[in-house]
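Encoded as structure tokens, the structure appears first; notes follow it.
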Amino acid sequence: MTTRDPGPGRAPELLVLLCATAAALATVAQPYVLGRTLDLLLSGSDADAGPWLALSAALLLGELLLDSLTALCTGHCTAAWTATVRCRAYAGLLAAVPERARPHPPGDVATRLTLNASDAGGAPAARAALAASLVTPVGALAALALVDPWVAGCVLAGLPALALVLRAFARDTGASVAAYQRVQARIAARLLEALDGAATIAAAGTASRERARVLAPLPELAALGGRMWTLHGRALARGGVLVPLLTTAATAVGGLRLAAGALSVGGLLAACRYAQLAAGIGGAATPLGAVVRGRRARDRTRALEDLPALPYGTRDLPPDGPGDLELRGVRVRRDGRTVLSADAVRLPGGSTVAVVGRSGAGKSVLAAVAGRLVDPDDGQVLLDGVPLPELTREALRREVGYAFERPVLGEGTVAEAVAAGPRALTPEQVRAAVRAAGADPFVRRLPYGYDTPLPSAPLSGGEYQRLGLARAFAHAGRLLVLDDATSSLDTATEHAVDTALRRAVRPGTRLVVAHRPSAAARADLVVWLADGRVRAVAPHRELWRRAAYRAVFGEAAPVEARA
């Protein structure tokens with residue numbers, strides 16, 4: 001069970017709110033102080049006007065300083081929450097059941113972890129800014145009521161129209177932002193697919209076709225982007241019409257009150273300024289838009305964060321177990337179709353077991369179920385008599401290791417990549433594992449040998465695969481699953497790796513997804529899969545008598561099988 005990052009909490013957001021509110025209060029106080037100063041100067045009381053003039057200058061300076069502090073706190077809050085959102089989404093993605101994460105292609109994930117996380121991280125500061133933006137018009141309206149109730153009533157009559165403009169903006173923008181983010185992710189996903197297959201595209205001469213495929217959603221994205229700007233511009237335009245009308249009306253009422261002697265010149269100045277500030281509720285459109293974008297973006301990052309993770313138990317494996325693996329009534333279904341059916345399959349501890357079958361027969365599904373990368377929909381998988389879901393995460397990953405066709409080795413040095421895992425390894429153990437995987441010769445030829453950074457190491461696909469094998473060998477427990485982990489190796493190298501696996505790697509059960517009959521022939525047992533069902537569990541020599549089994553390996557099988 002993963003622990004959710006608590007994040008920076010509410011403190012940064014509250015700090016933004018505090019600074020922005022203080023700046024807003026300084027803005028609200030400024031017109032009254034200016035009006036009072038003007039009245040004193042017009043009346044000839046220069047001595048009395050001095051302190052008010054100093055207070056006005058202090059308010060102006062304080063407002064500038066508070067605005068700067070608000071910007072600084074906003075940057076800190078946004079950065080802290082963006083990092084938290086990304087970490088949570090990344091942790092959820094890595095802890096998820098691989099099958100449940102598969103519907104999110106790499107481009108979509110990249111968009112959620114970058115652009116969407118950035119928008120979501122800006123939402124707390126935007127909420128604070130939105131709340132503070134309402135302090136100014138509310139405070140201005142209250143101050144205006146004290147200066148002159150008639151002018152305040154005039155302004156109050158026009159505020160519902162501005163509120164309706166904001167409400168329509170928030171409603172329409174939410175739907176447009178969500179659609180824009182989805183199309184944006186679709187383009188990113190297609191672009192990464194094209195980059196991954198760049199060599200194939202170049203060889204096939206289909207660059208124009210791929211370009212058209214990647215950019216096909218661009219008109220839709222442009223339309224949605226244009227709609228968002230239209231909505232924003234429409235809200236600003238409506239506010240731009242209503243605010244001057246409201247200010248003009250308030251000024252007219254204030255002028256009549258001045259002519260009637262009910263309002264001083266300084267009072268009229270304050271009233272006009274307060275009318276502008278109260279009508280400035282339309283300025284909330286910008287932070288409101290940021291809040292709406294942030295919420296929609298947070299929904300997208302939360303989809304990664306909330307991906308279902310494998311629950312773990314509290315048990316450990318019995319000490320010195322041989323690695324007996326048993327599948328009882330196992331059923332795995334995808335899209336309503338059974339892709340793996342295994343009944344009463346028992347693989348003795350310490351044996352090497354080849355998993356054989358045509359493409360799509362369920363070999364990788366069996367490999368994933370055997371080491372609990374995924375739980376079966378029905379049935380149980382037991383290791384040394386203990387159901388895998390009852391094991392702790394530490395016990396499971398310490399005793400069950402994997403090697404894949406395309407290992408992910410990270411960005412450290414070669415030695416650090418091999419050493420990464422559940423066990424602490426000495427440099428000699430790392431080198432022994434690299435030798436067992438047949439990787440020591442090419443590692444020594446690298447610019448800095450074992451200390452060569454992987455990103456700068458000129459390695460082929462087969463060499464990367466052997467380093468992945470080395471890491472699996474170094475951390476081998478009582479069960480080691482090799483899922484297509486030797487597919488890039490030639491027959492001679494594969495045979496040498498198999499020999500080292502038996503002699504130089506910690507004893508245990510070996511489950512190997514095999515494509516060559518020679519690999520199946522070297523195994524103690526073969527699990528033969530056909531159409532997702534375990535058809536037989538027997539030695540290769542015994543199964544070779546069946547024509548259907550020989551057909552799995554194709555026409556070259558009889559020649560290679562005798563090797």
Side-chain angles (χ1 to χ4, degrees), residues 13 16 20 71 74-75 77-79 81-82 85-86 89 104-105 107-134 136-137 159-192 212-244 279-305:
E13 182 180 352
V16 172
T74 297
C77 180
T78 299
W81 272 111
T82 298
V85 168
R86 282 188 179 135
H104 298 287
D108 176 71
V109 170
T111 302
R112 292 175 193 253
L113 291 176
T114 52
L115 297 175
N116 297 155
S118 180
D119 284 339
R127 281 197 304 265
L130 179 62
S133 71
L134 299 178
T136 300
L159 291 183
L162 286 172
L164 288 175
V165 169
L166 288 179
R167 182 174 177 274
F169 172 71
R171 182 190 63 240
D172 298 339
T173 298
S176 295
V177 166
Y180 185 89
Q181 290 171 345
R182 286 195 297 270
V183 176
Q184 197 176 45
R186 198 157 71 237
I187 293 176
R190 293 183 180 186
L191 177 60
L192 280 186
R213 184 183 73 88
V214 171
L215 299 180
L218 202 56
E220 183 182 0
L221 187 73
L224 289 169
R227 175 169 171 73
M228 285 194 297
W229 281 110
T230 299
L231 290 172
H232 189 76
R234 188 180 299 166
L236 292 179
R238 288 173 177 173
V241 172
L242 289 173
V243 170
I281 190 173
T286 298
L288 180 60
V291 170
V292 171
R293 279 197 313 276
R295 285 182 177 177
R296 295 296 179 269
R298 187 70 184 98
D299 290 340
R300 289 179 57 77
T301 61
R302 193 176 283 115
L304 298 181
E305 185 179 325

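Computation of the quantities below employed the complete heavy-atom set of this structure, encompassing side-chain atoms and omitting hydrogens, waters and symmetry-equivalent molecules.
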Problem set entry | Derivation of the side-chain hydrogen bond (donor to acceptor under 3.5 Å, both in side chains) call for T301 and R298 | CA-CA 5 Å; T301 61; R298 187 70 184 98; 2.8 Å; yes
Exercise. To the nearest 0.5 Å, how far apart are CG in L215 and CZ in R213?
Worked result: 10.5 Å
Exercise. Considering all heavy atoms of both residues, which atom of G294 and which atom of A123 are nearest to each other, and what is their separation?
Worked result: CA-CB, 3.9 Å
Exercise. Do S118 and R86 come close enough that some side-chain heavy atom pair is under 4.5 Å?
Worked result: yes
Exercise. About how many Å separate CE of M228 and OG1 of T230, when rounded to the nearest 0.5 Å?
Worked result: 10.0 Å
For this session: Return the minimal non-hydrogen interatomic distance between L113 and A89, and the atom names on each side.
Result: CD2-CB, 3.6 Å
Seminar exercise, completed: What one should report as the nearest heavy-atom pair of L192 and A110 is CD1-CB, 4.5 Å
Seminar exercise, completed: Closest heavy-atom pair, T78 versus A125, reported as atoms and distance to 0.1 Å, is OG1-CB, 3.9 Å
Exercise. Can you check whether R300 reaches D108 side chain to side chain, under 4.5 Å on heavy atoms?
Worked result: yes
Seminar exercise, completed: When every non-hydrogen atom of L221 is compared with those of Q184, the smallest separation belongs to CD1-N, 3.9 Å
Problem set entry | C77 side chain reached by W81 side chain, heavy atoms, under 4.5 Å | yes
Exercise. Which pairs with one or both residues in residues 177-190 pass salt bridge (charged side-chain N to carboxylate O under 4.0 Å, His left out), sequence neighbours excluded?
Worked result: R186-E220
Problem set entry | Contact list for residues 117-133, test salt bridge (charged side-chain N to carboxylate O under 4.0 Å, His left out), sequence neighbours left out | E13-R127
Seminar exercise, completed: Residues S133 and P137: closest non-hydrogen pair is O-CD, 2.9 Å
For this session: Mark yes or no for whether T111, through its side chain, and G107, through its backbone, hold a donor-acceptor pair below 3.5 Å.
Result: yes
Seminar exercise, completed: Separation between CG (N116) and CZ (R293), nearest 0.5 Å, reads 11.5 Å
